[in-house]
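Okay, so here's the structure we're looking at.
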Amino acid sequence: MATDDEVDRDPLFRYDEPIFADEDLLRISHLPGPNRIVGRDEHMQKVAEALNPAVFGQEPTHLFIFGKTGTGKSLISRSVSERVKEEARREDVRVQSAFIDCGEQTTEASVIKTIGRELNDQSETGLTVPQRGLGTGDYYDRLWTIIDACTDVAIVILDEIDMLEDDEVLRKLSRAGENRRITDSTVGIIGISNKIDFPDELNERVKSSFAHDELVFPPYDAQQLVDILEHRADAFRDGVLSDDAIPLTAALAAQEHGDARKAIDILRNAGRIATKEDAGEVTEDHVYAAKEKTEADRFGELIEGAPTQAKAILLALTVLTENKHQDQFPTKQIYEQYQSIARKLDMDSLSERRVQEILREQDFLNVIDSETKGRGRGRGVHTKHRLLEDPEIVKKVLHRDSRIADLGV
Ligand SMILES: Nc1ncnc2c1ncn2[C@@H]1O[C@H](COP(=O)(O)OP(=O)(O)O)[C@@H](O)[C@H]1O
Ligand SMILES: [Mg+2]
């Protein structure tokens, strides 16, 4: 029924939302309230134990959290930090937190700068933290001043910490108090990594330098994903979710490993597809279509902007996966396939060693899984690689690069 208002509206746009009541609840960066967080009580408790001293202005225990993507690491860290702040406020203790995405801030200087900007209250410090123009040492000096002036306890969350190019920042932050860089405050670090084997790497890199607790977040099972989704179901209008929508979404998201990010993305995409189709209900078909879209998007993001060389290597692994009755391939075999693709692309061929390095980088991005048997890590001859995505989807995404699409494979 058109009201007078609607009559004047530009027909190019849509003004009704038949499916979503509040789509924002399904944004990945949305921080849900405690009553919407399910299935992580134990982990929340452990994070709370580490941060607990902060409530009284004391130094928290540093904490490292490991687990695959979508297991709630970032969420629980942020949520518990917020609750610590709130609780500390009652004790007249000032806890502040800075959340750093090390995938974006990969250098020491940019991490320090970002923490400084997040914690700074210019009216108190009289300082600014300029985007550029200061040396790393000067950024550190400002950060220490800011921490002393603006906080009693600073909680620094370093998300995707394995992407950090340099561990110096970790060392400096963890020793700031000891070295009397800060005198009135204290710093607690939460380091988060999606890499399950990162503790070993971290051991070599920094473990000896400071004490910390470690916590592993396991994947969710399908039932936990159902619970998580049901606690967000009010993102949809009443009655538009078919009975199967949530269980099916959860089952599909649990196939590889129980990934809440994927589950939420699929459900949101299902809603969007239903909206676009002017459907009155979110059906199973919408969920299946949403799964495809979600995987292609996720994958597209991962390899978007990767150099054509990296895409050619990935194509080599994809072609092998499609043509052979196996799913794991040694570096050498991928390299030979890659060389033939590089020739067809009229592209210089990289060395086998460099290809091995790039494969390891892709492993890093969770696009492929590389496994090394015997001998030390990263030794090419003994490493086998497996594509984590459906080859169909990988090809679809690789074909967005026109040079690769022109190959016709
Ligand atoms: N236990 C949970 N309860 C409710 N929502 C969750 C839970 N775990 C994860 N989520 C949601 O799933 C998405 C991915 O979680 P996130 O914390 O980013 O995972 P990770 O950091 O481990 O990759 C986020 O949108 C988050 O809100
Ligand atoms: Mg995360």
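Remember, it's 1-based here, ligands and their atoms both numbered in the order they're listed. Basis for what follows: all heavy atoms, side chains included, without hydrogens, waters or symmetry-related copies.
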Nearest-contact summary for [atom] - protein heavy atom, Å:
{"atom": "atom 19 (O) of ligand 1", "result": "Gly72 N, 3.2 Å"}
{"atom": "atom 18 (O) of ligand 1", "result": "Arg261 NH2, 3.1 Å"}
{"atom": "atom 21 (O) of ligand 1", "result": "Ser74 OG, 2.7 Å"}

Examine ligand 1 and decide if any of its atoms is less than 4.0 Å from a heavy atom belonging to [X].
{"X": "Gly67", "answer": "no"}
{"X": "Tyr220", "answer": "yes"}
{"X": "Arg232", "answer": "yes"}

Should [X] and [Y] count as an ion pair when the cut-off is N to O under 4.0 Å?
{"X": "Asp152", "Y": "Arg94", "result": "no"}
{"X": "Glu86", "Y": "Arg83", "result": "no"}
{"X": "Arg36", "Y": "Asp234", "result": "yes"}
{"X": "Arg27", "Y": "Asp24", "result": "yes"}
{"X": "Arg90", "Y": "Glu87", "result": "yes"}
{"X": "Asp265", "Y": "Arg261", "result": "no"}

From [options] - option closest to [atom] by heavy atom:
{"atom": "atom 12 (O) of ligand 1", "options": "Ala260, Pro32, Gly70, Ala263", "value": "Ala260"}
{"atom": "atom 25 (O) of ligand 1", "options": "Asp259, Leu225, Ile28, Leu26", "value": "Ile28"}
{"atom": "atom 20 (P) of ligand 1", "options": "Lys73, Arg27, His43", "value": "Lys73"}
{"atom": "atom 6 (C) of ligand 1", "options": "Ile37, Ile264, Leu75, Asp265", "value": "Leu75"}
{"atom": "atom 3 (N) of ligand 1", "options": "Thr69, Asn194, Val38, Thr71", "value": "Val38"}

| Does Gln328 offer a backbone N or O that forms a donor-acceptor pair with the side chain of Glu371 under 3.5 Å? | no
| So, the side chain of Arg181 versus the backbone of Arg175: is there a donor-acceptor pair under 3.5 Å, distance only? | no
| query | Within the stated cut-off of 2.8 Å, is an N/O/S atom of Thr69 closer than that to the Mg ion (ligand 2)? | reply | no
Check each atom of ligand 1 against the heavy atoms of [X] and keep those under 4.0 Å away; list them by number with element.
{"X": "Arg36", "result": "3 (N), 4 (C)"}
{"X": "Arg40", "result": "1 (N)"}
{"X": "Lys68", "result": "22 (O)"}

| message | Could you check whether Phe329 and His385 have their ring centres less than 6.0 Å apart? | response | no
| said: Centroid separation under 6.0 Å, is that true for the rings of Phe20 and Phe236? | reply: yes
| query | Under a 4.0 Å heavy-atom limit, does Ile228 contact ligand 1 with its side chain, its backbone, both, or neither? | reply | side chain
| With backbone taken as N, CA, C and O and side chain as the heavy atoms from C-beta onward, which portion of Gln224 lies under 4.0 Å from ligand 1: side chain, backbone, both, or neither? | neither
| Would the number of heavy atoms belonging to other residues, nucleotides or ligands and lying under 6.0 Å from CD of Glu392 be above 12? | no
| request: Could you say whether the N/O atoms of Ser29 and ligand 1 ever approach to under 3.5 Å? | output: no
